[in-house]
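Worksheet: one structure, shown below.
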2 protein chains.
Amino acid sequence: MRRVPRVIDASTALLTDHYEITMLQAALRSGTAHRRAVFEVFARRLPDGRRYGVVAGTGRLLDAVENFRFGPDELASLAKAGIDRPTIDWLADYRFTGSVDGYAEGETYVPNSPLLTVEASFAEAVLLETLVLSILNFDSAVAAAASRMTCASSGRPCIEMGSRRAHEQAAVAAARAAYVAGFAATSNLEAARRHGIPSTGTSAHAFTLLHDTEEQAFAAQVAALGPGTTLLVDTYDVAQGVRNAVAAAGRALGAVRLDSGDLVTQARETRALLDELGADQTRIIVTSDLDEYAIAGLAAAPVDGYGVGTSLVTGSGAPTAGLVYKLVAREDSSGELRPVEKRSLNKTSRGGRKWAARRYGDDGHTSEEVVGIGYDVPAGETGRPLLVPLVRGGEVVGREPLADARDRHARSLAELPVEAHALSRGEPALPTTFE
Amino acid sequence: MRRVPRVIDASTALLTDHYEITMLQAALRSGTAHRRAVFEVFARRLPDGRRYGVVAGTGRLLDAVENFRFGPDELASLAKAGIDRPTIDWLADYRFTGSVDGYAEGETYVPNSPLLTVEASFAEAVLLETLVLSILNFDSAVAAAASRMTCASSGRPCIEMGSRRAHEQAAVAAARAAYVAGFAATSNLEAARRHGIPSTGTSAHAFTLLHDTEEQAFAAQVAALGPGTTLLVDTYDVAQGVRNAVAAAGRALGAVRLDSGDLVTQARETRALLDELGADQTRIIVTSDLDEYAIAGLAAAPVDGYGVGTSLVTGSGAPTAGLVYKLVAREDSSGELRPVEKRSLNKTSRGGRKWAARRYGDDGHTSEEVVGIGYDVPAGETGRPLLVPLVRGGEVVGREPLADARDRHARSLAELPVEAHALSRGEPALPTTFE
């Protein structure tokens, strides 16, 4: 794959739960730290009624793994937290030297899909648990919501504008995940810089209120941004706002934005008024607490684009993907790699390192996910293999441009059975067969 | 207040929505950019049935405002996004020179509480919208959930362990917000380093599975971490796990952790077994998808501490506080500061710069929040003033140790009417009177 530069270079080593370091300390002491181990990331279930999940954050994760190094600051902090000297010395030299395979970014998934496999010594692999899960859980939650929204919008562009309703760095990741799942643009400037996502935005109610009249505000905006700008018309009275907008920008007015009230009615009235005023090319953008259901509800309204905020960045009811990172195999005292699984009530896991493939039905759609034990998809398996190499011998080999993940998501989604696109609650889009 | 060092020094200037920069561009051109303006942060409502909110993130916000500077990288990115030269030149010299007042961190709030007031030129103040909201919305959402959990735990310690279910940087902020709202510790190592919060953790199921037997795993952990450690006893069979734990650590075993199944029953059985084995000082820590209701449901069970993850970092059903940043006053063309308010359907705001105070009833509890227009609480107002100076002339004056916010929250919560502590859905704990 092409070489793409890394984005952030700060150490990620302390974005970790304390228990990973104490486990390391105990395993170093007991001599088990160097046992070869396989950890697997999977979802036990999808959020309430969802039909598929979307892998996102993989590119960010590869950067974060490369930056998982303990410098003097990090080590001093661990010493202060009571970690012993041998462990700190071991961490000073830490770099991940193992391998990571995973579903490529943008791929859809179902429960028990083996989304990521980390194989290394126990010591090396156990340390990555929290970082892996933080990134994949957040980004995948946003991407899953975004994917439903872009399905519901039937080709009309969706714009991500939820930064204000998410942690300031999570906002950047949310914009990225939404882009993977088909959003057209973001309001977030750091996402534009860091990830090359198109950014967009024009004005808020505050800009109108700043001026003595709406007419003055619109004139100022058009003077600075040209008639192709988007004017926000609902600060006072919508119909008057639309008249003022067309008066300010002329029939070349790019768009008007509606941010309150009943959007279906307002969009219809606004469309009629714009047409009456000769602004028949002016688009109507709607915002205001949209989610996938509201977007679907606007399908028959004359709307040209959706700005989505809160619901997107909070995963539309599922703010985390609920992925877990579980030990599924490890070397035993005789040096053999053996499957392991816990038997805790309501939280079982399935042992063994796994391959996965997606089979196709006669209609060209995927029909089934097949999962088996082993490193490679068996000869004769006709399904599309799902795991790709991401890290080999500690070196990142799976970095790719963000556009590739976006394209992959579109393909993977289009291949799912058509029921997958339904917004209603249902079963996972694909059954999983364990071979 | 005491001087406390800043935590992160990277520029925060692009953690911003594109439209803030286009508004600036238009206002610079129309000559309105330098009008004095007052923006206010408030909640239109509390999340579904909640009785109070909790201000959190203020300390992080003050750091972020100091780091809101546009360097060559940020400016180049804006030029690429189409921002014009005069705006970029203006931003190159940007620093916030205005004033910020706010409810102090940890304070409780109700709808329409004027939580933060930013007064500066329109240009300076409009740019802070997204950053202010991102920080306060996320941190306050987590703190509000955390506060309900610490109420429900009736003095038993709550430990934050949700990092894996939140964006990796949001996780650090979540640990901080939870600490403000009464959590005793966090699993997040970066929160320990960055904010000085006690961190804690011992082991996961993977550590047990790494070893050939549970006995070997427990022996290894006790050898490394001492008998006072917490042993996770539900990897295989809980009762056998408890026996193995006491066999490994003796009666001095610090704690056992239960992470699955019906926790009420398991806690009772485990307590009985520990007592029978003579480990009557050994504590029982429970984890496993706890929220405030599950914690309350364990009140009568012999549990000594709660580890809380997903539900905490996702705000227990309300992952964002829903705070907004609205222009409430601005200078007009004659130079006078005038209240402004939009009249959008279902999204009105109340114009004017505000003071706020909390009045007390005869029982010593707060009885009412009073809000009025003006810079200062009027002479004769007996209520406790709620807004404190945070920034003056661009200089941070409101930085404080995190422990102060934590103490303040405990006081503010104790002062609310007792109904505020109910977990059931209800009205806001205090009525608001506009004077």
Side-chain angles (χ1 to χ4, degrees), chain A residues 14-19 22-23 25-26 29-30 32 77 81 122 130 133-135 137-138 163-165 167-171 173 187 189-190 192-193 199-207 209-210 212 220-221 223-224 234-236 260-261 314 319-320 327 330 333 340 342-347, chain B residues 14-19 22-23 25-26 29-30 32 77 81 122 130 133-135 137-138 163-165 167-171 173 187 189-190 192-193 199-207 209-210 212 220-221 223-224 234-236 260-261 314 319-320 327 330 333 340 342-347:
Chain A
L14 293 189
L15 300 171
T16 299
D17 285 316
H18 191 120
Y19 80 177
T22 46
M23 283 192 272
Q25 177 170 324
R29 186 156 167 156
S30 76
T32 51
S77 176
F122 176 82
T130 307
L133 290 178
S134 288
I135 293 176
N137 268 326
F138 180 75
S163 297
R164 64 194 52 202
R165 300 296 171 88
H167 178 278
E168 69 276 16
Q169 290 293 340
S187 64
L189 289 168
E190 180 64 12
R193 175 173 74 154
S199 70
T200 181
T202 50
S203 68
H205 296 106
F207 185 77
L209 293 171
L210 169 67
D212 295 347
Q221 187 175 327
D234 71 339
T235 306
Y236 305 110
S260 54
T314 58
T320 175
L327 184 70
R330 51 86 185 144
S333 49
V340 294
K342 64 173 174 166
R343 294 196 289 271
S344 315
L345 295 165
N346 71 11
K347 286 192 179 175
Chain B
L14 294 190
L15 301 170
T16 299
D17 286 315
H18 192 120
Y19 80 177
T22 46
M23 283 191 273
Q25 177 170 324
R29 187 158 165 154
S30 78
T32 51
S77 176
F122 176 81
T130 308
L133 290 179
S134 289
I135 293 175
N137 268 327
F138 180 74
S163 296
R164 64 195 52 204
R165 300 296 172 90
H167 177 278
E168 69 277 17
Q169 290 294 339
S187 64
L189 290 168
E190 180 64 13
R193 176 175 71 156
S199 70
T200 182
T202 51
S203 69
H205 297 105
F207 185 78
L209 292 171
L210 169 67
D212 296 345
Q221 186 175 329
D234 71 340
T235 305
Y236 305 111
S260 54
T314 59
T320 175
L327 184 70
R330 51 88 185 142
S333 48
V340 293
K342 65 172 172 167
R343 294 196 290 272
S344 315
L345 294 165
N346 70 12
K347 286 192 178 175

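Numbered from 1 within each chain, the chains take letters A, B, ... in sequence-line order.
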If you tally heavy-atom pairs under 4.5 Å between each of B/Ser333, B/Ala192, B/Ala171 and chain A, the highest tally belongs to B/Ser333

Do A/Ser199 and B/His18 have side-chain atoms, one donor and one acceptor, less than 3.5 Å apart?
yes

Interface moiety of A/Ala204 toward chain B, non-hydrogen atoms closer than 4.5 Å
both

Please look at A/Arg164 and chain B and tell me whether the side chain, the backbone, both or neither of the residue comes under 4.5 angstrom of a heavy atom of that chain.
both

Among A/Ser30, A/Pro319, A/Ala170, residue most engaged with chain B (heavy-atom pairs, under 4.5 Å)
A/Ala170

Looking at A/Gln25, A/Glu190, A/Gln221, A/Arg165, which has the largest count of heavy-atom pairs under 4.5 Å with chain B?
A/Arg165

Segment of A/Phe122 engaging chain B (4.5 angstrom heavy-atom cut-off):
side chain

Measure A/Ser77 against the heavy atoms of chain B and call it side chain, backbone, both or neither at under 4.5 Å.
side chain

When heavy-atom pairs shorter than 4.5 Å are enumerated against chain B, which of A/Leu189, A/Leu133, A/Val340 gives the highest number?
A/Leu189

Using the six-membered ring wherever Trp is involved, compare the ring planes of B/His167 and A/His167 and label them parallel, tilted or perpendicular (cut-offs 30° and 60°).
parallel

Please determine, among A/Thr22, A/Asn137, A/Ile135, the option with the most heavy-atom pairs under 4.5 Å with chain B.
A/Thr22

What closest approach, in Å, do A/Thr130 and B/Ser163 show between heavy atoms, and which atom pair accounts for it?
CG2-CB, 3.7 Å

Side chains of A/Gln169 and B/Leu15 in contact at under 4.5 Å (non-hydrogen atoms):
yes

Which atoms form the tightest heavy-atom contact between A/Thr314 and B/Thr320, and what is the distance?
CG2-CG2, 4.2 Å

Given side-chain contact (heavy atoms from CB on, under 4.5 Å), test A/Arg330 with B/Asp212 step by step and report yes or no.
CA-CA 10 Å; A/Arg330 51 86 185 144; B/Asp212 296 345; 3.4 Å; yes

In short, A/Phe207 meets B/Ala26 closest at the heavy-atom pair CZ-CB, 3.5 Å

In terms of heavy-atom proximity below 4.5 Å to chain B, should A/Thr200 be classed as side chain, backbone, both, or neither?
backbone

Shortest non-hydrogen pair, A/Leu327 vs B/Leu210, comes out as CD2-N, 3.7 Å

